Amino acid sequence: MKPKGWKDLPPGSVVLEAGSAVKFKTGSWRAYRPIWHEENCIQCLLCWIYCPDMSIKVKDGKRGEFDLDYCKGCGICALECHGKKGKKAIEMVEEGK
Amino acid sequence: MATGLTLKELSKKEDRFTHGHRMCAGCGAPTIVKMVLLATDYPVIAANATGCLEVSSCISEYTAWKIPWIHTAFENAAATISGVETMYRSLKKQGKIDKDVKFIAFGGDGGTYDIGLQSLSGAMERGHDMLYVCYDNGAYMNTGIQRSSATPLGADTTTCPAGDIIPGKLRVRKNLTKIMAAHNIPYAAQASPSHWMDLMKKVRKAHEFIGPKFMNILSPCNRGWRSQTNDAITLSRLGVNSCYWPLYEIEDGVTKITYTPKDKIPVADFMKPQGRFKHLFAPANEWLLKKVQEEVDKEWEKLKKQAECGC
């Protein structure tokens with residue numbers, strides 16, 4: 001985005017577009033990437049509620065893939081995941097590997 | 001109709017705090033905001049005191065908020081939202097607005113315990129219909145981890161550095177939830193993001209009261225607590241289970257503990273994974289670790305007595 005001068009900004013620098021932060025992708029911050037193993041997922045959605053970056057796509061109450069455009073790779077989801085029979089449904093792997 | 005408090009039902013609601021915000025990876029605060037807004041079934045207008053949440057959620061031309069949101073200075077989030085609420089009441093009286101709107105102010109512990117305390121106290125006393133949510137990470141994390149009056153006893157910060165002269169902060173935390181309850185407000189509560197259901201129930205309950213409400217929520221900060229990026233929820237759970245951060249509510253002056261840990265764990269279990277308490281595990285500082293445990297036990301016993309006598 002081209003920086004704007006003060007004359008181009010709305011009075012008071014009000015941001016008029018709600019939720020415009022979606023245009024800023026934070027996925028490049030990530031050092032570890034989460035991988036979802038669907039076979040171990042019990043659809044508890046705890047990863048969804050605990051995700052600080054709203055990066056877990058849920059449709060009709062069902063968990064889908066990670067939104068890697070925004071996921072910062074903190075790993076909270078992987079740590080909190082209960083999984084099935086002691087096997088976690090989320091694993092963190094180093095980016096670039 | 002209110003959305004059921006199940007994750008499945010809640011996941012169908014629109015997130016009113018979006019991704020693309022620039023809080024650190026693994027921060028506790030965005031999760032808290034998400035939970036507070038998801039639990040609220042009304043249109044919301046929010047004010048935000050200066051702090052991590054404010055500076056990272058609205059960096060010029062980008063906002064993560066999908067609700068009307070006002071950035072205010074450190075000291076006046078409560079004053080700002082009380083002004084907005086007063087205008088809303090006036091417009092309602094004039095018949096210019098008929099919607100039921102809820103007013104929420106967010107502030108960190110610096111903007112709430114310290115700098116914003118006078119305006120918060122004023123708003124509580126004047127009786128505005130608002131909810132003040134403090135996300136308490138226990139120091140001025142945004143400006144570089146300076147001590148605040150919410151910093152726990154023994155913690156290492158840049159303005160009370162642990163070393164040869166002092167072993168970290170020497171004073172105990174201010175009990176803000178009780179200070180707020182002492183304003184005789186209808187509802188004050190303490191919550192933790194690890195116990196999401198408890199947190200959301202408290203938000204729902206708070207919105208049912210007309211008048212000033214206050215919620216204090218533990219918000220782990222991996223930068224300031226010197227912990228890992230993935231342990232925000234785990235640490236807040238340890239905080240609750242060690243009774244460092246008891247979950248309770250004070251409704252019209254009556255205290256109720258909403259969660260009693262089955263096995264109360266030593267507070268050292270909560271402190272061990274955090275680098276800010278590392279020095280307390282050195283033999284020379286054993287006395288301070290003991291003192292921290294005594295303080296936590298004392299506060300917990302006091303709270304239990306308060307809950308038993310219904311006062």
Side-chain angles (χ1 to χ4, degrees), chain A residues 1-4 6 8-10 12-32 34 43-64 66-81 90 92, chain B residues 4-35 37-39 56-71 193-194 196-197 199-200 219-220 222 228-237:
Chain A
M1 195 193 274
K2 199 176 152 270
K4 287 180 182 169
W6 66 271
D8 309 318
L9 294 169
S13 285
V14 172
V15 183
L16 296 164
E17 190 187 342
S20 57
V22 296
K23 289 185 198 158
F24 191 92
K25 296 191 173 162
T26 51
S28 62
W29 295 19
R30 200 169 52 243
Y32 287 88
Q43 294 287 345
C44 63
L45 298 183
L46 280 173
C47 53
W48 167 78
I49 194 74
Y50 289 143
C51 176
D53 287 295
M54 286 54 93
S55 296
I56 291 161
K57 293 177 187 162
V58 176
K59 209 180 162 197
D60 300 322
K62 282 246 176 231
R63 188 202 194 284
F66 283 98
D67 195 341
L68 294 175
D69 279 349
Y70 301 98
C71 169
K72 292 171 189 160
C74 66
I76 288 179
C77 54
L79 188 65
E80 293 304 317
C81 178
I90 303 171
M92 301 301 288
Chain B
L5 275 187
T6 63
L7 293 181
K8 203 172 172 177
E9 285 302 308
L10 290 165
S11 72
K12 291 175 187 164
K13 283 182 77 172
E14 184 201 23
D15 269 325
R16 289 192 278 182
F17 187 75
T18 68
H19 43 211
H21 64 74
R22 281 171 256 180
M23 306 291 279
C24 304
C27 173
T31 310
I32 291 168
V33 173
K34 171 164 93 168
M35 287 178 184
L37 293 179
L38 273 173
S56 333
S57 66
C58 193
I59 294 176
S60 184
E61 291 194 61
Y62 296 102
T63 176
W65 302 83
K66 283 190 173 175
I67 53 172
W69 176 87
I70 311 165
H71 156 218
S194 55
W196 61 271
M197 175 81 98
L199 188 153
M200 288 191 174
S219 176
N222 54 60
Q228 305 299 313
T229 59
N230 64 355
D231 56 12
I233 302 300
T234 311
L235 281 180
S236 55
R237 190 176 295 121

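These numbers were taken from a predicted model, which means no experiment stands behind them.
- Between chain B and the residues V58(A), V22(A), D67(A), the largest count of heavy-atom pairs under 4.5 Å involves V22(A).
- Within a 6.0 Å sphere centred on NZ of K62(A), heavy atoms belonging to other residues, nucleotides or ligands number 12 at most.
- Judged purely by atom type and a 3.5 angstrom limit, Y50(A) uses its side chain to pair as donor or acceptor with the backbone of S194(B).
- Between E61(B) and L9(A), some side-chain heavy-atom pair lies under the 4.5 Å cut-off.
- By the 4.5 Å heavy-atom criterion applied to side chains, T229(B) and Y32(A) are not counted as neighbours.
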(request) Please test K34(B) against C51(A) for side chain to side chain contact (heavy atoms under 4.5 Å, CB included), starting from the C-alpha separation and ending with a verdict. (result) CA-CA 9 Å; K34(B) 171 164 93 168; C51(A) 176; 4.2 Å; yes
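- Closest approach of C27(B) to P52(A), counting heavy atoms only: O-CB, 3.5 Å.
- Other residues, nucleotides and ligands place more than 12 heavy atoms under 6.0 Å from the CZ atom of F66(A).
- Contact of L16(A) with chain B is not made at all, since no heavy-atom distance falls under 4.5 Å.
- Closest non-hydrogen pair, D60(A) versus K12(B), comes out as C-CE, 3.9 Å.
- A cation-pi arrangement is not found for K8(B) relative to W48(A), the charged atom failing to lie both closer than 6.0 Å to the ring centre and inside a 45° cone about the ring normal.
- Considering every non-hydrogen atom in both I49(A) and T31(B), the closest pair reads O-CG2, 3.4 Å.
- Put simply, of T26(A), D53(A), I56(A), the one with the most heavy-atom pairs under 4.5 Å next to chain B is D53(A).
- Of all non-hydrogen atoms in S11(B) and L45(A), the two that sit nearest each other are OG-CD1, 4.0 Å.
- Scanning both residues, M54(A) and T18(B), for their nearest heavy atoms gives CE-O, 3.7 Å.
- The main-chain N or O of S55(A) is never found under 3.5 Å from a side-chain atom of H19(B) such that the two would form a donor-acceptor pair.
- Ranked by heavy-atom pairs under 4.5 Å with chain B, the list G19(A), C77(A), G61(A) is led by G19(A).
- In this structure, chain A has a heavy atom under 4.5 Å from the backbone of C24(B), while its side chain stays farther away.
- Contacts between D231(B) and chain A at a heavy-atom distance below 4.5 Å involve backbone atoms as well as side-chain atoms.
- The side-chain hydrogen bond (donor to acceptor under 3.5 Å, both in side chains) search around S20(A) returns none, not counting sequence neighbours.
- L79(A) is listed as a side-chain neighbour of T234(B), based on a closest heavy-atom distance under 4.5 Å.
- Residue S13(A): no heavy atom, backbone or side chain, is found under 4.5 Å from chain B.
- When I32(B), I67(B), T63(B), L7(B) are compared by the number of non-hydrogen pairs under 4.5 Å with chain A, T63(B) comes out ahead.
- Between E17(A) and K66(B) the shortest side-chain heavy-atom distance does not fall below 4.5 Å.
- Among the candidates R16(B), R22(B), H21(B), the residue making the largest number of heavy-atom pairs closer than 4.5 Å to chain A is R22(B).
- For C74(A) against A25(B), the heavy-atom pair with the smallest separation is CB-C, 3.7 Å.
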